[in-house]
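Presented below is the structure to which this report refers.
Reminder, nothing fancy here: chain letters follow the sequence lines and each chain counts from 1.
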Number of protein chains: 2
Amino acid sequence: MAPNTKHFRKRDAILDYLRQSKAHPSAETIYTDLKPQIPNLAMGTVYRNLTLFKEQGEIQSVATVKGVERFDGNPLPHVHFICTDCDAVIDLDDLQVPDTLSELAAKCCGGSVEGCQLTFTGQCKNCNERKIESA
Amino acid sequence: MAPNTKHFRKRDAILDYLRQSKAHPSAETIYTDLKPQIPNLAMGTVYRNLTLFKEQGEIQSVATVKGVERFDGNPLPHVHFICTDCDAVIDLDDLQVPDTLSELAAKCCGGSVEGCQLTFTGQCKNCNERKIESA
DNA sequence: CCTCGATTTAAGAATCATTCTTGTTTACAC
DNA sequence: GTGTAAACAAGAATGATTCTTAAATCGAGG
């Protein structure tokens, strides 16, 4: 067996999963989805590696929705939309925070700015349409 | 005793506290700070009223810092800065999210946008200076 | 091959913020 | 006063997350 293959199998699976997902999953979703492929995966392993990836800057935590932390395999800052109905977290790829705002923020707070998050909330397309139908 | 005075004493105290505070307190901070004045205050009462105020749009939840929800007596959207060292949540009153961004967001997501939050993270002035001193 | 120290992991216990439940108290209208 | 609805206290219950302990796995030497 190739070196490192087995030792990091779970770690790599978690990172791959995050990078391929657009759903901004929670720790539990990651666990549930990977469990069939990796039967002896434990929640502790998921949380430990998520913490590790965050420290290394490989991933980011993008929001806490109804008390549950949501993760993104893309560590670059970008804009999100959170549906208050179905709790979906969606990338708004076409938007970005203007540099002028970040610069202003640094001046205002007098400290050092490391990151920023812009998040819109409301009802996503699906939930919106579902409501109109049932009306 | 004037009508309604006693019935809502705790509710009003919690709302007043939130409106006067600039610290964006957690439920526990509110409880701890009000407890001396209101000895038989219970955490349940704080949580119940916070939920109520949120539903009524009197306050807003502005962030979850290290797993703890933080509240703001000002329900209008405004920009915040969160210190990753001391967990302070600070208003950046001079900044605001451009209307163009909000409009774009509505178009991108295809649903209805109700709110938005812009949050910068980094080290606040105090923590920054403390680090420089101790270096 | 066999052993070593270091790293990763599984499993479940422990923690902590938040919510729920139950029974009690309060305010107000009649 | 009596009844009804809202607010409350106290503590139990829930649920996400973290910690603990011991076992499995790795790479490097012998």
Side-chain angles (χ1 to χ4, degrees), chain A residues 1-18 23-56 58-71 82 87 89, chain B residues 1-18 23-56 58-72 82 84 87 89:
Chain A
M1 194 177 295
N4 261 350
T5 298
K6 197 165 185 185
H7 204 181
F8 297 98
R9 197 180 283 167
K10 288 166 192 170
R11 173 164 305 178
D12 290 341
I14 294 168
L15 190 52
D16 282 351
Y17 178 89
L18 271 165
H24 309 82
S26 64
E28 180 149 23
T29 304
I30 298 171
Y31 171 79
T32 308
D33 285 358
L34 288 180
K35 187 75 176 174
Q37 307 160 41
I38 311 172
N40 63 345
L41 180 67
M43 279 296 286
T45 302
V46 175
Y47 275 110
R48 184 165 27 76
N49 285 306
L50 285 173
T51 306
L52 192 68
F53 293 146
K54 258 196 294 185
E55 282 167 3
Q56 295 173 342
E58 303 257 30
I59 68 169
Q60 65 175 321
S61 154
V62 292
T64 300
V65 183
K66 308 235 169 89
V68 181
E69 196 168 5
R70 304 284 288 266
F71 300 89
I82 300 179
D87 299 339
V89 178
Chain B
M1 193 178 294
N4 260 350
T5 299
K6 197 167 186 184
H7 204 180
F8 297 98
R9 197 180 281 165
K10 288 164 191 170
R11 172 162 305 178
D12 291 342
I14 293 169
L15 191 51
D16 282 352
Y17 178 88
L18 271 165
H24 308 83
S26 65
E28 181 149 24
T29 305
I30 297 170
Y31 172 79
T32 308
D33 285 359
L34 289 180
K35 187 76 174 171
Q37 308 159 40
I38 311 173
N40 63 346
L41 180 67
M43 280 296 284
T45 302
V46 175
Y47 276 110
R48 184 164 27 76
N49 284 305
L50 285 173
T51 306
L52 193 68
F53 293 146
K54 258 196 292 184
E55 281 167 3
Q56 295 174 342
E58 303 258 28
I59 68 169
Q60 64 175 320
S61 154
V62 293
T64 300
V65 183
K66 306 233 168 90
V68 181
E69 196 168 4
R70 304 286 286 268
F71 300 90
D72 192 333
I82 300 179
T84 50
D87 298 337
V89 177

Between atom CZ in Phe53(A) and atom P in dT8(C), what is the gap in whole Å?
-> 11 Å
Of the listed dT18(D), dA10(C), dA9(D), the closest approach to the Thr45(B) side chain comes from dA9(D)
Whole Å only: how far is the CE atom of Met43(B) from the P atom of dC8(D)?
-> 15 Å
Would you indicate which nucleotide in dT9(C), dT18(C), dT19(C) comes nearest to any side-chain atom of Ala27(B)?
-> dT18(C)
Between dA17(C), dT9(C), dT18(D), which nucleotide has the shortest distance from any of its atoms to the side chain of Tyr47(A)?
-> dT18(D)
Pro39(A) vs Glu28(B), nearer the 5' end of DNA chain C by closest nucleotide = Pro39(A)
The complete set of ring-ring contact (aromatic ring centres under 6.0 Å, His included) pairs with one or both residues in residues 23-55 of chain B, sequence neighbours excluded, reads His24(B)-His80(B)
For the pair made of CD in Glu55(A) and C1' in dT18(D), what is the distance, rounded to whole Å?
-> 13 Å
In whole Å, what is the span from the CG atom of Asp12(B) to the P atom of dA6(D)?
-> 17 Å
d(CZ, Arg9(A); C1', dA10(C)) in whole Å = 15 Å
Could you check if a side-chain atom of Val68(A) sits within less than 4.5 angstrom of a side-chain atom of Glu28(A), using non-hydrogen atoms only?
-> no
Selection from dC8(D), dT9(C), dT17(D) that lies nearest to any side-chain heavy atom of Glu69(A) | dT17(D)
Side chain of Asn40(B): nearest nucleotide among dT8(C), dA9(D), dT19(C)?
-> dA9(D)
Carefully, step by step, assess Glu69(B) and Thr64(B) under the rule side-chain hydrogen bond (donor to acceptor under 3.5 Å, both in side chains).
-> CA-CA 4 Å; Glu69(B) 196 168 4; Thr64(B) 300; 5.6 Å; no
So, is Arg48(A) close to the dT9(C) phosphate, meaning a side-chain N or O under 4.0 Å from OP1 or OP2?
-> yes
List the atom of Val46(A), the atom of Ile14(A), and the distance in Å for their closest heavy-atom pair.
-> CA-CD1, 3.9 Å
Find the distance Arg11(B):CZ to dA9(D):C1' and express it as a whole number of Å.
-> 15 Å
Can you check the Lys10(B) NZ to dA27(C) P distance for me, whole Å?
-> 11 Å
Rounded off to whole Å, could you give me the CG-to-P distance for the Leu41(B) and dC8(D) pair?
-> 9 Å
Would Thr29(B) and Ser26(B) count as having a side-chain donor-acceptor pair, cut-off 3.5 Å?
-> yes
